[in-house]
Asker: 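Let me give you the structure first, and then I'll get to my questions.
Everything quoted here is computed from the prediction, not taken from an experiment. Note: hydrogens, waters and symmetry copies are ignored here, and every other heavy atom, side chains too, is used.
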Amino acid sequence: MEAHSEKTQTCGTICLKYLLFIFNILFWLAGGTVLAVGVWTLVEKSDYISLLNSSFYSASAYILIAAGLIVIVTGIIGCCATLKEMKSLLIVYLILLLCIFLLEIIAGVLAYINYQQLDEELRQNLTLTMQQKYQQPGEESVTQAVDKLHQEFQCCGSNSSSDWRDSVWIQAAENERLVPDSCCKTPSDLCGRRDHPSNIYKVEGGCIMKLEHFILSQLYILGAVGIGIAFLQLVGMMFTCCLYRNLKEEPY
């Protein structure tokens with residue numbers, strides 16, 4: 001009877017080990033996904049940082065990269081703890097999972113709060129940035145960001161193309177344009193002299209609305225990934241506790 005009980009316990013422990021090992025592989029892949037999203041955000045969309053007065057956008061990308069690395073390292077620790085059946089390492093792994101879970105909740109709340117501030121900041125500063133810094137000496141990053149914004153989101157001006165009437169660059173005596181050439185549907189030199197809807201992008205709400213939608217969609221994606229990882233963590237913590245209880249005391 002005792003031998004049967006021990007055999008059952010051994011089979012249960014082996015099953016838990018394999019389940020936790022599979023979980024760690026999924027967790028490791030999730031960490032890699034978060035890391036990739038962070039790098040993509042920083043590399044592909046970094047031009048828009050110059051349009052914001054806060055460091056929220058770049059900070060969020062660095063946080064994603066750091067979170068991805070921590071998740072990957074945690075997954076490796078979990079694999080080692082599972083394969084070697086070390087109870088002390090399982091405790092470390094469980095604590096790390098719990099800490100990451102709590103940090104995700106805090107990060108989610110902060111992201112929501114900061115988005116509200118970022119949205120207000122966009123509305124207040126984007127128009128001013130475009131009008132005063134576009135094509136000005138030393139503001140090449142802003143010029144590049146605005147041109148990319150116009151073409152990528154197919155918009156013109158902060159709220160509308162009429163915002164460019166008060167632009168320092170447009171009002172210059174030597175400038176023949178009504179809007180930047182990047183507002184044109186088919187950009188070419190001096191195409192901005194015509195601001196007819198057939199020639200330039202005229203979108204209701206302007207670039208602000210397009211940029212807001214983009215940032216919000218990014219937050220939705222990050223939220224979905226975060227919820228997925230949080231679910232994995234809860235499952236992992238459950239498996240870890242079960243495996244910890246099934247393992248015999250480590251010999252010292």
Side-chain angles (χ1 to χ4, degrees), residues 36-65 111-112 114-172 175-223:
V37 170
V39 172
W40 175 80
T41 302
L42 200 61
V43 173
E44 291 295 320
K45 305 299 178 183
S46 59
D47 289 337
Y48 300 141
I49 293 173
S50 58
L51 298 178
L52 307 173
N53 286 341
S54 75
S55 58
F56 171 77
Y57 193 87
S58 55
S60 63
Y62 286 118
I63 288 170
L64 283 174
I65 293 170
Y112 177 78
N114 279 320
Y115 171 72
Q116 306 303 316
Q117 295 174 352
L118 185 65
D119 185 47
E120 186 61 30
E121 178 189 291
L122 269 176
R123 291 187 175 277
Q124 289 178 354
N125 298 320
L126 189 58
T127 304
L128 203 60
T129 300
M130 285 184 169
Q131 291 175 345
Q132 295 187 353
K133 295 184 178 181
Y134 185 78
Q135 290 289 7
Q136 298 304 300
E139 300 292 351
E140 289 78 12
S141 61
V142 172
T143 302
Q144 184 180 354
V146 171
D147 287 340
K148 185 176 180 180
L149 187 69
H150 283 158
Q151 285 299 303
E152 190 167 327
F153 293 117
Q154 298 184 347
C155 58
C156 182
S158 180
N159 296 288
S160 69
S161 59
S162 60
D163 290 338
W164 288 108
R165 293 172 187 168
D166 298 319
S167 165
V168 174
W169 176 67
I170 292 293
Q171 290 179 346
N175 198 344
E176 303 174 28
R177 299 172 180 83
L178 298 174
V179 294
D181 293 337
S182 57
C183 281
C184 299
K185 295 177 180 178
T186 306
S188 60
D189 191 35
L190 295 177
C191 68
R193 287 183 293 186
R194 290 180 61 247
D195 61 354
H196 193 270
S198 62
N199 184 50
I200 67 170
Y201 295 113
K202 281 187 177 283
V203 182
E204 187 178 348
C207 292
I208 280 183
M209 187 170 289
K210 293 269 191 174
L211 195 54
E212 283 175 346
H213 288 166
F214 167 74
I215 294 172
L216 195 58
S217 67
Q218 293 297 103
L219 286 177
Y220 283 146
I221 292 170
L222 294 179

Asker: Ignoring hydrogens and angles, tell me if any N or O in the side chain of Asn159 forms a donor-acceptor pair with the backbone of Gly206 under 3.5 Å.
Answerer: no
Asker: Could you walk me through whether Arg177 and Trp169 pass the side chain to side chain contact (heavy atoms under 4.5 Å, CB included) check?
Answerer: CA-CA 9 Å; Arg177 299 172 180 83; Trp169 176 67; 3.4 Å; yes
Asker: Check Cys156 against Ile200 and note the closest heavy-atom contact, atom names and distance.
Answerer: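 Closest approach of Cys156 to Ile200, heavy atoms only: SG-CD1, 4.4 Å.
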Asker: Would you confirm whether Lys133, through its side chain, and Gly138, through its main-chain N or O, come within 3.5 Å as a donor-acceptor pair?
Answerer: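 Not at all, since once roles are kept as given, no pair shorter than 3.5 Å links the two residues.
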Asker: Has Gln151 got a side-chain atom pairing as donor or acceptor with Cys184's backbone, closer than 3.5 angstrom?
Answerer: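 Checking the backbone N and O of Cys184 against the side chain of Gln151, a donor-acceptor pair under 3.5 Å is found.
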Asker: Quick one: does Asp166's side chain have a donor or acceptor within less than 3.5 Å of a partner on Asp163's backbone?
Answerer: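 Absent.
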Asker: Applying the side chain to side chain contact (heavy atoms under 4.5 Å, CB included) test to Val146, which of His150, Lys148, Gln144 qualifies?
Answerer: His150
Asker: Looking at every heavy atom in both Leu149 and Met130, which two are closest together, and how far apart are they?
Answerer: CD2-CE, 3.7 Å
Asker: Minimum heavy-atom separation for Lys210 and Val203, please, with both atom names.
Answerer: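 The answer is CE-CG1, 3.8 Å.
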Asker: Under a 4.5 Å cut-off applied to non-hydrogen side-chain atoms, are Phe153 and His213 in contact?
Answerer: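 Not in contact.
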Asker: So, does Gln132 use its side chain to make a donor-acceptor pair with the main chain of Ser167 at under 3.5 Å?
Answerer: no
Asker: Are the side chain of Asp195 and the backbone of Leu178 linked by a donor-acceptor contact shorter than 3.5 Å?
Answerer: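 Judged by distance alone, no pair lies under 3.5 Å.
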Asker: What distance separates Met209 CE from Cys207 SG, expressed to the nearest 0.5 Å?
Answerer: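 Reported value, rounded in 0.5 Å steps: 11.5 Å.
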Asker: How far apart are the closest heavy atoms of His196 and Lys202, and which atoms are they?
Answerer: C-CE, 4.5 Å
Asker: What are the two closest non-hydrogen atoms of Val179 and Ser161, and how far apart are they?
Answerer: CG1-O, 4.0 Å
Asker: If you compare all heavy atoms of Pro180 against all heavy atoms of Ile170, which two are closest, and at what distance to 0.1 Å?
Answerer: N-CD1, 4.4 Å
Asker: Using side chain to side chain contact (heavy atoms under 4.5 Å, CB included) as the criterion, point out the one residue from Val168, Thr129, Asp147 that pairs with Tyr134.
Answerer: Asp147
